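The next block holds one structure in the form of C-alpha cells; read it before the comments.
Order of listing sets the numbers, starting from 1, for every ligand and every atom in it. In this chain, residues are counted from 1 in sequence order. Since the model is a prediction, treat every value here as computed from it, not as a measurement.
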Amino acid sequence: METKILSTSDEDIALAAEIIRNGGVVGFPTETVYGLGGNALDAASSEKIFTAKGRPKDNPLIVHISGLSQWAPLVKEITPQAMALAERFWPGPLTIILEKSDLIPMETSGGLNTVAVRMPVDETAKRLIEAAGVPVAAPSANTSGMPSPTKARYVIEDMMGRIDAIIDGGDCSVGLESTVITLATDKPRLLRPGGVTVSMLEEVLGEIDVDPAVYDKLDDTQKAASPGMKYKHYAPKARVTLLKGSFEKFAEYIRKNADEKTAALCFDGEEKKLGIKCITYGKENDSLSQAQRVFSALREVDETGAERVYARYPDKNEMGLAVYNRLIRAAAFEVIEL
Ligand code: TXA
Ligand code: MG
C-alpha cells in the first residue's frame with residue numbers, strides 16, 4: 001500500500017478526512033501522541049487499525065470527537081460525573097469510559113460493552129475529526145509494543161506501507177498518552193495516568209480509585225480493567241532496567257557494570273558525568289519535561305545500538321506517575337534498588 005505523507009494544509013486535511021470517511025486509516029497528530037485514525041462506527045475500519053498495529057483484538061480503541069454533541073449517541077448515558085469531567089478537561093488529554101451504545105461496533109470496543117471517548121485539543125486533530133464528520137477511533141500510531149510516537153518521523157518508521165496516509169503536524173506537546181478514567185464502575189477508577197493528574201480528577205470527583213495495574217505488574221490470575229495494561233509496552237529493543245537511588249549511586253553502578261553495549265537514560269546535565277552513551281529524558285524534578293521526552297528518548301536508545309539500558313527512576317508525584325507508569329513497562333517491571 002502506498003502511504004501518502006500529508007501536511008496540515010486545508011486541502012490535505014480534506015483529503016485525509018475523505019480517506020477516513022471511505023474506510024481508510026490515517027496517522028495524525030494529537031497533543032498527546034500521534035494516533036492511527038479510522039471511522040469508529042465502521043467495524044472494517046477498526047479491523048484495519050488492529051492489523052496495521054499488530055494489536056491484540058481484545059485491546060479497545062479510544063474514540064475521538066471534536067464537539068460535545070458527538071458524544072451522546074456513542075454511549076448509553078452521559079452521567080453527571082462524566083459531564084463534570086468533560087466541562088473541566090475537554091478539549092484535552094482525558095479519556096472517559098462509559099457504557100457504549102449500539103452505534104459502537106464490538107470491533108472498536110475490543111468486545112467490551114463500554115467505550116472510551118476523548119476530545120483532543122490539538123488543532124490538526126480537531127480539524128481532521130470535524131472534516132471527517134464521524135467519530136475517529138485512534139490508538140497510538142506505533143507498532144504494538146513499541147514506544148508511542150511523538151513525532152511524525154516515528155509514525156513513518158512504524159507505519160510506512162501499512163496505512164493510507166500520515167499527516168505531519170510536528171511534535172506532540174504533552175508527549176504521553178491521555179489519562180484514562182472509567183465511570184462504568186461503581187466508583188470512578190483511574191486506568192492509565194497522564195496529563196490530567198489524580199489530584200486534578202479528585203478536585204472534580206472527590207476520591208477516586210487507582211487501578212493496581214497503574215503501579216504494578218498484574219499476575220496471571222488478575223483480570224486487567226484496561227486490556228492495554230496487561231501487555232508489555234512502550235519498549236525499545238534494548239533491555240531496560242530502572243535503578244532506584246541517588247545520582248551518585250547510579251553513577252557508581254554504571255562504573256561497575258557498564259560495557260560498550262550499555263547506555264544510560266538519565267536526566268538533563270547528567271550525561272556529562274557518566275562516561276558512557278547517554279540519552280536524556282528531561283529535567284530531574286520536572287515531570288512535565290520528562291513526559292515530553294520519555295517516548296522519544298526510548299526510541300533514541302535503540303538508535304545508539306545499545307543492548308542494555310540503565311534508567312534513572314522518576315519521581316511518581318502528579319504527572320510523574322504517568323512517566324513512571326510508561327517507564328516501568330518499558331523496563332518490563334525490572335527495578336534495582338541501589
Ligand atoms: O492520548 C491518547 O489517548 C492516544 C491519542 C492517539 O489520542 N491514544 C491512545 O490509544 O493512547 P491506545 O489505544 O494506545 O491506548 C488506549 C488505552 C489502552 O490501554 C486500552 O486498553 C484502554 O485505553 N481502553 C480503551 N477503551 C477501553 C475500555 N472500554 N475499557 C477499558 N480500557 C479501555
Ligand atoms: Mg498505545
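- Ring geometry, F28 versus H64: the interplanar angle exceeds 60°, so the pair is classed perpendicular (tilted spans 30 to 60°).
- In this structure, K151 forms no cation-pi arrangement with Y34, as its terminal cationic atom is not both closer than 6.0 Å to the ring centre and no more than 45° off the ring axis.
- Screening E203, E202, E318 for a side chain to side chain donor-acceptor pair (under 3.5 Å) with T197, the sole residue that qualifies is E318.
- At a cut-off of 2.8 Å, measuring from the Mg ion (ligand 2), the protein N, O or S atoms that fall short of it are S140 OG, waters left aside.
- More than 12 heavy atoms of other shown residues, nucleotides or ligands fall within 6.0 angstrom of atom NZ in K187.
- Residue K100 does not touch ligand 1, judged by heavy-atom distances below 4.0 Å.
- At a 4.0 Å heavy-atom cut-off, ligand 1 touches L191 through the side chain alone.
- Within a 6.0 Å sphere centred on CG of D102, other residues, nucleotides and ligands contribute 12 heavy atoms or fewer.
- Close approach of ligand 1 to P60 (heavy-atom distance below 4.0 Å) involves ligand atoms 20 (C), 21 (O), 24 (N), 25 (C), 26 (N), 27 (C), 28 (C), 33 (C).
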Just distance, no hydrogens or angles: give the donor-acceptor pairs under 3.5 Å from side chains in residues 162-169, sequence neighbours left out.
residue	atom	partner	partner atom	Å
R162	NE	A52	O	2.9
R162	NH2	T51	O	3.4
R162	NH2	A52	O	3.4
D164	OD2	V25	N	2.8
D168	OD1	G170	N	3.1

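- Checking T79, V196, L201, T179 one by one against L85, the side-chain contact (heavy atoms from CB on, under 4.5 Å) holds for a single residue, L201.
- Checking only distances, T32 does come within under 3.5 Å of ligand 1, N or O to N or O.
- Close approach of ligand 1 to L112 is summarised as follows: ligand atoms under 4.0 Å from at least one heavy atom of the residue are 28 (C), 29 (N), 30 (N).
- With hydrogens and angles disregarded, no donor-acceptor distance shorter than 3.5 Å links the side chain of D211 to the backbone of L190.
- Residue contact check for ligand 1: A138 places a non-hydrogen atom closer than 4.0 Å to it.
- Residue R192 has at least one nitrogen or oxygen atom sitting less than 3.5 Å from a nitrogen or oxygen atom of ligand 1, judged on distance alone.
- Those atoms of ligand 1 that come under 4.0 Å of a heavy atom in G35, given as number and element, are 6 (C).
- Remark: among candidates N59, T114, L176, the nearest residue to atom 18 (C) of ligand 1 is N59, based on non-hydrogen atoms.
- Judged by distance alone, the side chains of T32 and E177 never bring a donor and an acceptor atom under 3.5 Å apart.
- Cation-pi geometry between R312 and F250 is met: under 6.0 angstrom from the ring centre, within 45 degrees of the axis.
- Taking the six-membered ring for Trp and thresholds of 30 and 60 degrees, Y253 and Y310 have ring planes more than 60 degrees apart, a perpendicular arrangement.
- Heavy-atom proximity to S178, at under 4.0 Å, picks out these atoms of ligand 1: 1 (O), 2 (C), 3 (O).
- Selection from E177, E31, H64, R55 by nearest heavy atom to atom 13 (O) of ligand 1 gives R55.
- The atoms of ligand 1 that sit less than 4.0 Å from any heavy atom of A116 are 25 (C), 26 (N), 27 (C).
- No more than 12 heavy atoms of other residues, nucleotides or ligands sit less than 6.0 Å from atom NZ of K126.
- Put simply, part of A225 is less than 4.0 Å from ligand 1, judged by heavy atoms.
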